[in-house]
Structures are given as structure tokens and as C-alpha cells.
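One structure below.
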Amino acid sequence: MKFSNFVRMHWAALRALLALTVVLGLAYPVFVWLVAQIPGLRDKAEGSILTANGKPVGSALIGQLFTDKDGNPLPQYFQSRPSAAGNGYDPTSTSASNLGPESIVDAPGKPSLLTQVCTRSHAVGQLEGVDGSRPFCTGGGVGAVLAVIGPRDARGDVVHPTRVVSVNEPCQSTRTPFLTLYEGVRVDCAKDGEDYTIGQIVPVRGAATDHPAVPADAVTASGSGLDPHISPAYADIQVARVAKARHVSPDQIRAVVAQHRSGRELGFFGEPTVDVLQLNLQLDRQYPVSG
């Protein structure tokens, strides 16, 4: 290659580099920043930050916990839905649990999705004074799942159970399983170190209603784990507790909830929601807790 052609080729490349640096590295970012300063967009561009007494307390787009240092719910606040993002709404650790409908048997130190849902429902029921029972959950708040051991038929179903174990109820926590007998066989609680995979895994629905008092968003995390909203149904079962803690009537609390309720996007996308942080900030302003 001639030296003159070499110089022309590299000079053209240098000019393209300089032009793209100016356009994409300087002009475009400045243009985007200027657009973000337009009234109506600036607040969203800066993270939709909410303040109390002039200090930032969170974002309208990211949920947060309303608990004490020991993780206990603060009674004067509406509680958020569970979070799967790090140690509670960590925006640097957004993720899902990757647990699905077939996650029903607990592992040592790792509860199944079913048990997580059952435990949360039981806890919410006790906190809010409502029935926390739900299908396929024991009264103690774990997955109602049996390992049925015995000879099987051609389809793999156990036909004559010889042993039945409540796999999510270890003997250390209970010696009385949620079910006494299954097809005439006594039900035992699980023992550490024993392998029950030889048995047929049988979830037991139980007598709970198909429409639990504790709604689904109270016991499951959102896809990102950061959702700041709860359903109106979850907000409704918390009204009595919050009203009592703030020494006002439930109707007064419901009026504030109504102010922070959003409808479906464009009238048909998604479901109505309530932003928990904005609601709690309004309650602190309107009905502060003394002492």
C-alpha cells in the first residue's frame, strides 16, 4: 500500500472518530439532558424522588420496607408486598426467585415457593386479624405436602400406601402433622437427613376457600422485586390496623387510600394499584403518630 493511501485512509478514520465522538459522546447526551429538564419530565428523569420535611425518603418507583430494626411491621404504616430484590428492595439486586409452581417441597434452609406463600399468608392473617388460610397450606403456615410411599401402578401412582410423611413439617418443629391419616395410613412428620424422593409427592388442598382473605400480592413478590404498589384488596385489609395505630377512624384512612389509588393504564392495562410510600407519607402529614 502506498504511503499516501495509508495516510488518507487513517485520516478518514480519525475524522469519523472525531465526528462520532462529538455527535454521540457530547451532543446527544446534552440533548437528552435538556429534554429531561422540560417541566413534567424533570421529576421522572431524576428518579421520582419523594421528600418529607425537605429530605429525600425514597422513590415513587421503588418500594421499601416499613419495619423496625428486627424486621417487625410497624403498625402505623401500610405494608408493602414481599421483595425478591436483595435484602429488601435493593435496586442493585433486582431479580426474581426463579421458583415456580412445582416448588412445593422444602430443602434444608431453603423453603419452597409454596411454603413461602403459606408462611407469609399466615403472618399477614395474624397481623391484620383476618383468616390467613389458603389452599395447600397447613394451619402452621407451610406447604401441605405428603410423600406417599408404597407399590405403584403402571402410571406411577401409589396404590397401597405403606408409609406417609408430611415432608414440610420436620419433627423438630412439630410432632403432630397437619393430617392424621392418609388412606388409612398414619402420617408422620419429616426427619432431617431422610430422603423422601422415593415417595409420590402429593399436595393436599385442604378446606381453605378458593378466595383467601389475604390477597396474592401480599404473599408474592413482583417480577423485579421492586414494585412499590399493592392492590386495593391488600390495602383494604390493613385499614383497621393503621387506623387503630393512628387513633383515627377506618373511614378516615380509607379516604386517604382512595387519594393514592391509581386505575388501569389507559383504562384497560393492568390492575388498580395503591402506592405504599406516597400513602404512608400522606398519613404522616395528615394523621401523625404522637410520641
*Remaining members of Val142's ILVMFWY cluster at a side-chain heavy-atom cut-off under 4.5 Å?*
none
_Donor-acceptor under 3.5 Å (Ser121 side chain, Val117 main chain)_ = no
*Which ILVMFWY residues can you reach from Val145 by hopping between side chains whose heavy atoms are under 4.5 Å apart?*
Ile104, Val105, Leu114, Phe136, Val165, Val167, Tyr196, Ile201
*Please list, chain by chain and in numerical order, all residues satisfying side-chain hydrogen bond (donor to acceptor under 3.5 Å, both in side chains) with Gln126, sequence neighbours excluded.*
none
*Is the backbone of Leu277 close enough, under 3.5 Å, to the side chain of Gln64 for a donor and an acceptor to pair up by distance?*
no
*asked:* If the condition is side-chain hydrogen bond (donor to acceptor under 3.5 Å, both in side chains), which residues does Asp131 pass it with, not counting sequence neighbours?
replied: Ser133
*Excluding sequence neighbours, so at least two apart, what forms side-chain hydrogen bond (donor to acceptor under 3.5 Å, both in side chains) with Ser249?*
Gln252
*Start with the C-alpha gap between Val276 and Tyr77, add the side-chain angles, then the distance that decides, and say whether side-chain contact (heavy atoms from CB on, under 4.5 Å) holds.*
CA-CA 9 Å; Val276 179; Tyr77 289 118; over 6 Å; no
*Got a sec, which hydrophobics cluster with Ile198, joining ILVMFWY side chains under 4.5 Å apart, including via others?*
Ile149
_For Val219 against Arg120, the heavy-atom pair lying closest together_ = O-NH1, 2.8 Å
*Is there any side-chain hydrogen bond (donor to acceptor under 3.5 Å, both in side chains) pair reaching into residues 207-220, and which pairs are they, with sequence neighbours excluded?*
Arg81-Thr220, Arg205-Asp210, Asp217-Ser231
*Check the surroundings of atom CZ in Arg285: do more than 12 heavy atoms from other residues, nucleotides or ligands lie under 6.0 Å from it?*
yes
*Can any side-chain N or O of Thr138 pair as donor or acceptor with the backbone N or O of Ala144 at less than 3.5 Å?*
no
_On a heavy-atom basis, which atom in Arg246 and which in Gln76 lie closest, and how many Å separate them?_
NE-O, 2.8 Å
*State which residues pass side-chain hydrogen bond (donor to acceptor under 3.5 Å, both in side chains) with Asp68; sequence neighbours excluded, sorted by chain then number.*
Asn72
*Could you list all the salt bridge (charged side-chain N to carboxylate O under 4.0 Å, His left out) pairs where at least one residue sits in residues 232-244, not counting sequence neighbours?*
Glu128-Arg241, Asp236-Arg254
*Given a cutoff of under 4.5 Å between side-chain heavy atoms of I, L, V, M, F, W and Y, with clusters grown through shared members, what are the other residues clustered with Leu146?*
Val148, Val158, Val164, Phe178, Leu179, Tyr182, Val185, Val187, Val202, Val204
*Can you pull the side-chain hydrogen bond (donor to acceptor under 3.5 Å, both in side chains) pairs that have at least one residue in residues 145-160, sequence neighbours excluded?*
Asp157-Gln200
_Suppose we screen for salt bridge (Lys or Arg N to Asp or Glu O under 4.0 Å). Which residues come up paired with Glu194, at least two apart in sequence or across chains?_
Arg163
